[in-house]
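The structure appears right after this line, and notes come after that.
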Amino acid sequence: MDFELTEDQRAFADTARQFAQAELAPHAAEWDAQGIFPREAIAKAGELGFCGLYAPENAGGLQLPRLDATLVFEELAAVDPSTTAFITIHNMATWMLGTWAQDAVRAEWGEALTSGQKLASYCLTEPGSGSDAASIKTRAELVGGEYVINGSKAFISGAGATDMLVLMARTGDAAAGAGGISAFAVPAHLPGIAYGKKEEKMGWNSQPTRTISFDNLRIPASHLLGREGEGFKIAMKGLDGGRINIATCSIGAAQGALQHAQRYMQERKQFGKTLASFQALQFKLADMATELVAARQMVRLAAAKLDAGARDASTYCAMAKRFATDAGFAVINEALQLHGGYGYIREYPLERLLRDARVHQILEGTNEIMRVIIGRRMLDADAPDAIR
């Protein structure tokens, strides 16, 4: 078991760090304050391959292991978790299209998405089905050579500003549950698609979030991803990687916060001494670093399990998402506390990192749902030996 990164992996991380400092750091606060969706910066990330990190090569992607992708996402998120989180969602949707689309659709959209020239949203959640994703009601009826889609989606990242929707809709009977769901590649600006108002959010302000309504939307049958009834399986495969991605965004944000806190402790003086001179604060920094390293290793373990196609990869992804998003938020909160009142004002990045990281405990499956996934597996007879 080797915990050291390879030269190639370090090169990916270094490139991402340099990009984050040059293209994200100077603008992240402005994008947050003004709600700007930085398509130009995302397209520049695409020029480096960051918009198709693990998409298949026949779609123009780099087809990297998920572990390697975490190294890039962590460096970007240390500066701007909101924009990075959208890039991870785009990567997930692009991988799904590149993996399951028919050849003509892949040829039309693959390289446009992996290059970052076109952007994608992932559309699963509905107003009445959050954690209970298998209960979605959006329907797709096959009529001749077209699917006719009616329904709505909620909390869709990038909605209204993206070009492709990877959409989950019910093609089977409602009683079929997860087995009656199919996946589709839907161009985002067809007649029959309407977008709701841009949501006012606590964080993630550099990416728009809207509802989407579908009213007799028609798409060619060739835009089905995989086969009918495979949509929920495809969605869950996407979410395994998505959970690693969001966990990584929390690790990156926490790493950025830790760096700010360490520098601040060296500079800030109280009672005639730097904050770094106080042992109680040294202990805080020690605990923050320890929790962060533990969370990072759990995320990388889950990524390695997913790359290997391990039987319990989904369980490890759920564990990593639960632990890393909780631990990451706690580290950022402690870093803000170390800054005192300065941590609470926008001149410093701590409050932005905190706001952006909070939603990671909710999306891609709430951390309560992660516990359900883990708990059910742990009740199996072999679990204590298999999950360790």
Side-chain angles (χ1 to χ4, degrees), residues 1 3-5 13 17 20 66-67 69-82 84-85 88 203 243-266 268 275-276 278-305 315-340 343-344 348-371 373-375 378 387-388:
M1 185 180 296
F3 289 95
E4 292 301 317
L5 301 179
R17 185 180 306 117
R66 300 306 177 91
L67 177 58
T70 68
L71 308 177
V72 172
F73 294 145
E74 179 178 337
E75 295 296 342
L76 301 182
V79 171
D80 187 352
S82 172
T84 305
T88 73
R243 286 163 183 162
I244 291 173
N245 292 346
I246 288 302
T248 302
C249 286
S250 285
I251 297 303
Q255 180 66 32
L258 180 68
Q259 290 167 341
H260 287 294
Q262 191 259 12
R263 287 195 295 267
Y264 187 76
M265 285 178 62
Q266 301 283 4
R268 174 70 167 166
L275 297 186
F278 295 95
Q279 190 176 64
L281 300 187
Q282 294 174 16
F283 285 0
K284 277 187 176 292
L285 201 66
D287 287 343
M288 291 160 65
T290 302
E291 293 294 309
L292 182 53
V293 169
R296 179 181 291 112
Q297 295 309 318
M298 176 167 274
V299 171
R300 292 182 180 179
L301 171 63
K305 293 285 187 183
T315 304
Y316 281 98
C317 289
M319 294 170 76
K321 193 270 180 181
R322 202 292 299 166
F323 183 72
T325 57
D326 285 347
F329 183 80
V331 168
I332 300 166
N333 196 39
E334 287 287 9
L336 190 152
Q337 186 74 15
L338 284 169
H339 280 73
Y344 202 67
Y348 290 76
L350 278 303
E351 59 86 29
R352 174 171 56 83
L353 295 175
L354 188 81
R355 288 186 288 105
D356 283 346
R358 178 60 182 88
V359 74
H360 299 173
Q361 296 165 295
I362 298 172
L363 49 78
E364 310 291 28
T366 66
N367 284 3
E368 289 73 21
I369 291 297
M370 297 304 98
R371 291 180 173 91
I373 293 170
I374 300 161
M378 292 309 300
I387 310 294
R388 48 189 310 172

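Throughout, numbering of the chain's residues begins at 1 and tracks the sequence. Model, not experiment: these values are computed from the prediction.
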For a 4.5 angstrom cut-off between non-hydrogen side-chain atoms, does [X] reach [Y]?
X      : Y      : answer
Thr325 : Asn367 : yes
Cys317 : Lys305 : no
Phe329 : His360 : no
Ile373 : Ile369 : yes

Contacts of type side chain to side chain contact (heavy atoms under 4.5 Å, CB included), residue [X], not counting sequence neighbours:
X      : value
Gln337 : Glu334
Asn333 : Leu354
Val331 : Ala254, Met288, Glu291

Rounded to the nearest 0.5 Å, how far does [atom2] of [Y] lie from [atom1] of [X]?
X      : Y      : atom1 : atom2 : value
Leu275 : Leu338 : CG    : CG    : 7.5 Å
Leu363 : Ile246 : CG    : CD1   : 5.0 Å
Met319 : Arg322 : CE    : CZ    : 8.5 Å
Ile244 : Tyr316 : CD1   : OH    : 12.5 Å

Might you point out which heavy atoms bring [X] and [Y] nearest each other, and give the distance in Å?
X      : Y      : result
Ala257 : Leu350 : CB-CD1, 3.8 Å
Val299 : Ala324 : CG2-CB, 3.6 Å
Ala327 : Ala295 : CB-CB, 4.2 Å
Pro81  : Arg352 : CD-NH1, 4.1 Å
Ala276 : Gln266 : CB-OE1, 4.0 Å
Ile332 : Ala357 : CD1-CB, 3.5 Å

Run the ring pair (Phe, Tyr, Trp, His ring centres under 6.0 Å) check on Tyr348 and His260 step by step: do they pass?
CA-CA 9 Å; Tyr348 290 76; His260 287 294; 8.4 Å; no
Determine whether a donor-acceptor pair (N or O, by modelled atom type, separation under 3.5 Å) exists between the side chain of [X] and the backbone of [Y].
X      : Y      : value
Glu351 : Gly343 : no
Thr248 : Thr70  : no
Arg243 : Glu364 : yes
Thr88  : Ala85  : yes
Lys284 : Ala335 : no

Taking atom OH of Tyr344 as the centre, report whether more than 12 heavy atoms of other residues, nucleotides or ligands fall under 6.0 Å from it.
no
